[in-house]
There are 2 protein chains.
Amino acid sequence: MDSVKPKRSLVEETYDILIDAICSGELPPGERLNQDVIAAQLNVSRQPVNSAISILRANGLVEDTGRRSVVVSSFDPQLFQSIFEYRKVVEPFAVELAARELQKTDRRHADRVLKVGEKAFQSGKLTDLVHADMQFHEMIYGWSRNQVIQTSMKTNWHHIRRSMAVVLRSPETVSQVWSEHAKIVEQLFDGNSDQARQTMARHIGGAYEAISADISDPVVADAD
Amino acid sequence: MDSVKPKRSLVEETYDILIDAICSGELPPGERLNQDVIAAQLNVSRQPVNSAISILRANGLVEDTGRRSVVVSSFDPQLFQSIFEYRKVVEPFAVELAARELQKTDRRHADRVLKVGEKAFQSGKLTDLVHADMQFHEMIYGWSRNQVIQTSMKTNWHHIRRSMAVVLRSPETVSQVWSEHAKIVEQLFDGNSDQARQTMARHIGGAYEAISADISDPVVADAD
DNA sequence: GTACCTAATTTCGTATACGAAATACGAAAA
DNA sequence: TTTTCGTATTTCGTATACGAAATTAGGTAC
C-alpha cells in the first residue's frame, strides 16, 4: 500500500482548494480573488496564494481585470460548445485506442466504476454524479494510453464541472447516461470496438444536446 | 493604434524565458534548475523565479526529483507518439471545422504564412523552420474557432519543439512538408474540405514517420 | 582504502517587508 | 446637487529574511 506522504506544498494545497472552489461554483465567474483574504482563510502567507493564482491565470481559470485584481473567468457558452465539439471527436477516438489492448482486470475496474455511478444516481447528489461521470470517462482516457488525451481532458473537466454546477440534469437524462456507459463497456469487452466508438459518439452528442439548452446565456462578471 | 504596454510581470517574463530555454533544448532534459542562479542571471529576486517554476511544474515541463531540486522533465518517446497519434485525429478535425466559414481575408494570411515558410526553408535555420511550421498549424487551429484545440495544441507544441531541437530533418522532408501545407490551403479554399482533411491526415502521419525513427531512444537525466 | 558519522553548506519553501499603482473617499467648486 | 481633483487606503508585485531539509565534505575508525 502506498502510504507515502506526498508532502504537498502550500502552493499545491492552495491551488487545489481554489480550483475546486471555482469548479464547484463556490467562486462564481466574476468573483474577485483577494490574496489577503484567501491567505487569512487558509492560514498561510500571501506568497503561496500568489503562486497558486499565477498557475490559475496560466490555465485561464482566472484573469486580470486590467484593474489591480484578478477575477474568476466568465463562463463562455462558446467554450462549452468547443469542449463538446472536441469531445465528440476525441472520446470515440479514445475508445478506439482503448480497444487495442484491454486487460481482463480492467473489466473489474469498469464494473466498480459503473456501480459507483449507480449509487450516485440513487443518492441524487449532483456532486457525486458529476464525480462519477468524470471517473468513467477518465477510465476510458486511461485505457487509451494516450497522455495527451488525458491531460487535455483534465483541463476540460474543470470547465465541464463548472458548467455542471449551474446546470440541473433531469433523472431520465442521468439514467440514460449511465446505461450508455454500461453499453460502451459491454461493447468494448465483447470486441465490438467500432460499435463502442459509435455509442460514445452518440453519448457525447446526446449529453451536449441535453445540457446546452440550459446554458445559452453566458455567465459573466457583474457590470460595474 | 494599440500602443498600450502589456506590462508583463516578472513571473511571465521568467516563465517565457525558461520555457523557451527548455523547448529550444538550451536546457536539456535532466538539467537542474537552480533558483538562485536563474534569479541572478535575470537580475530578479528568487520570488518570480519560484512562481514561474510552479507553473512549469503544473504543466509537466519540469519535475521534482524527490531531492530538493527540480529538473527538466525527460523527453519520453511514448509522449511523442501520443502527440502524433493525437494530432493525426485532431488536426484533420481542425481542418474540417476550418472549412465551415473561411473568410476571403484568411487567404491573404495563409499566403503570408506559406511565404514565411519558404523563406525559412531557404535560410535553412532550424529554429525558423520549426517556428514557421508552428505558425502554419496554429493558423489552422485558429480557423477551427475551437478554443480547446488551440490550447491543447499549444501545450503539445512545447513538446514538439523540444523534440525538433534534437532531431535534424532532411531538406527533402522539409520541402515536402511545405508543399503539403500549400496543398491543404489550396484544397480548403477550393471547397474540397474533405480532401484537405485527408491531406492533413497524411501530412501528420508522414511527419511522424519521418521523425520517429530518430527519437527511438528516450532522452533522460544522467544517472547519478 | 573503505565505510560511516557528523558538521558545514547549499537550496528550497514560506513568511515578512516595502514600494508602487490603482481605487475609494471626501472636500471644494460649479 | 453634481463634478472634479487631491489624498488616504487597499492591494498587488517583488524583494528580502528565515528556518528546515538535504546534500556535501571532511575526518575518524576499521
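Separation of atoms CG (A:L33) and CG (A:L27) is listed at 6.0 Å; rounding is to 0.5 Å.
One finds no salt bridge joining A:K115 and A:D111 here, because no Lys/Arg side-chain nitrogen approaches an Asp/Glu carboxylate oxygen to under 4.0 Å. Between A:R161 and A:D133 there is no salt bridge, since no side-chain N of the basic residue sits under 4.0 Å from a carboxylate O of the acidic one.
Taking 4.0 angstrom as the limit, A:N34 places none of its side-chain polar atoms (N or O) nearer than this to OP1 or OP2 of D:dT10. Contact annotation: A:R57 reaches the phosphate of D:dG13 (side-chain N/O to OP1 or OP2, under 4.0 Å). When the side-chain nitrogen and oxygen atoms of A:N50 are compared with OP1 and OP2 of D:dC12, none of them lie within a distance under 4.0 Å.
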Pair B:Q41-B:V49, side-chain contact (heavy atoms from CB on, under 4.5 Å): steps then yes or no: CA-CA 11 Å; B:Q41 283 174 346; B:V49 177; over 6 Å; no
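For DNA chain D, if you chain together Watson-Crick or G-U pairs that step i with j, i+1 with j-1 and so on, the runs of at least three with distances under 3.5 Å are C:1-30 with D:1-30.
When rounded to the nearest whole Å, the span between CG of A:D64 and C1' of C:dA21 equals 14 Å. Between the C1' atom of C:dT11 and the CD1 atom of B:I38 lies a distance of 12 Å, rounded to the nearest Å. The distance from atom CZ of A:R46 to atom P of D:dC12 is 6 Å, rounded to the nearest whole Å. Distance, B:Q47 CD to C:dA17 C1': 12 Å, rounded to whole Å. In this entry the distance linking CZ of B:R32 with C1' of D:dA22 reads 10 Å, nearest Å. Regarding B:D36, its CG atom lies at a distance of 18 Å from the P atom of D:dA22, rounded to whole Å. Across the protein-nucleic acid pair, B:L10 atom CG and D:dC12 atom C1' stand 13 Å apart, rounded to whole Å. Atom pair A:N43:CG and C:dT14:P shows a separation of 14 Å (rounding to whole Å applied).
Within the 4.0 angstrom heavy-atom criterion, only backbone atoms of the sugar-phosphate kind lie near A:V11; the bases stay farther away. A:L33 comes within 4.0 angstrom of the backbone, heavy atoms only, and of no base.
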Identify every side-chain donor-acceptor pair in residues 145-152 of chain A under 3.5 Å, counting partners at least two apart or on other chains, and give the distances.
{"residue": "A:R145", "atom": "NH1", "partner": "A:W143", "partner atom": "O", "Å": "3.0"}
{"residue": "A:N146", "atom": "OD1", "partner": "A:V148", "partner atom": "N", "Å": "2.9"}
{"residue": "A:N146", "atom": "OD1", "partner": "A:I149", "partner atom": "N", "Å": "3.1"}
{"residue": "A:N146", "atom": "ND2", "partner": "B:S82", "partner atom": "O", "Å": "3.1"}
{"residue": "A:N146", "atom": "ND2", "partner": "B:E85", "partner atom": "OE1", "Å": "2.7"}
{"residue": "A:T151", "atom": "OG1", "partner": "A:Q147", "partner atom": "O", "Å": "3.2"}
{"residue": "A:T151", "atom": "OG1", "partner": "A:V148", "partner atom": "O", "Å": "3.3"}
{"residue": "A:S152", "atom": "OG", "partner": "A:Y86", "partner atom": "OH", "Å": "2.8"}
{"residue": "A:S152", "atom": "OG", "partner": "A:V148", "partner atom": "O", "Å": "3.1"}
{"residue": "A:S152", "atom": "OG", "partner": "A:I149", "partner atom": "O", "Å": "3.3"}

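Panel note: side chain B:S73, backbone B:G60; a donor-acceptor pair is recorded below 3.5 Å. A:E12 places a side-chain N or O within 3.5 Å of a backbone atom of A:S9 that can act as its donor or acceptor partner.
Side chain of B:P48, nearest nucleotide from D:dA17, D:dA15, C:dT16: D:dA15. Listed candidates were C:dA15, D:dA15, D:dG13. Nearest to the side chain of B:S9 is D:dG13. Among the nucleotides D:dG13, C:dA15, C:dT11, the one closest to any side-chain atom of A:Q35 is D:dG13.
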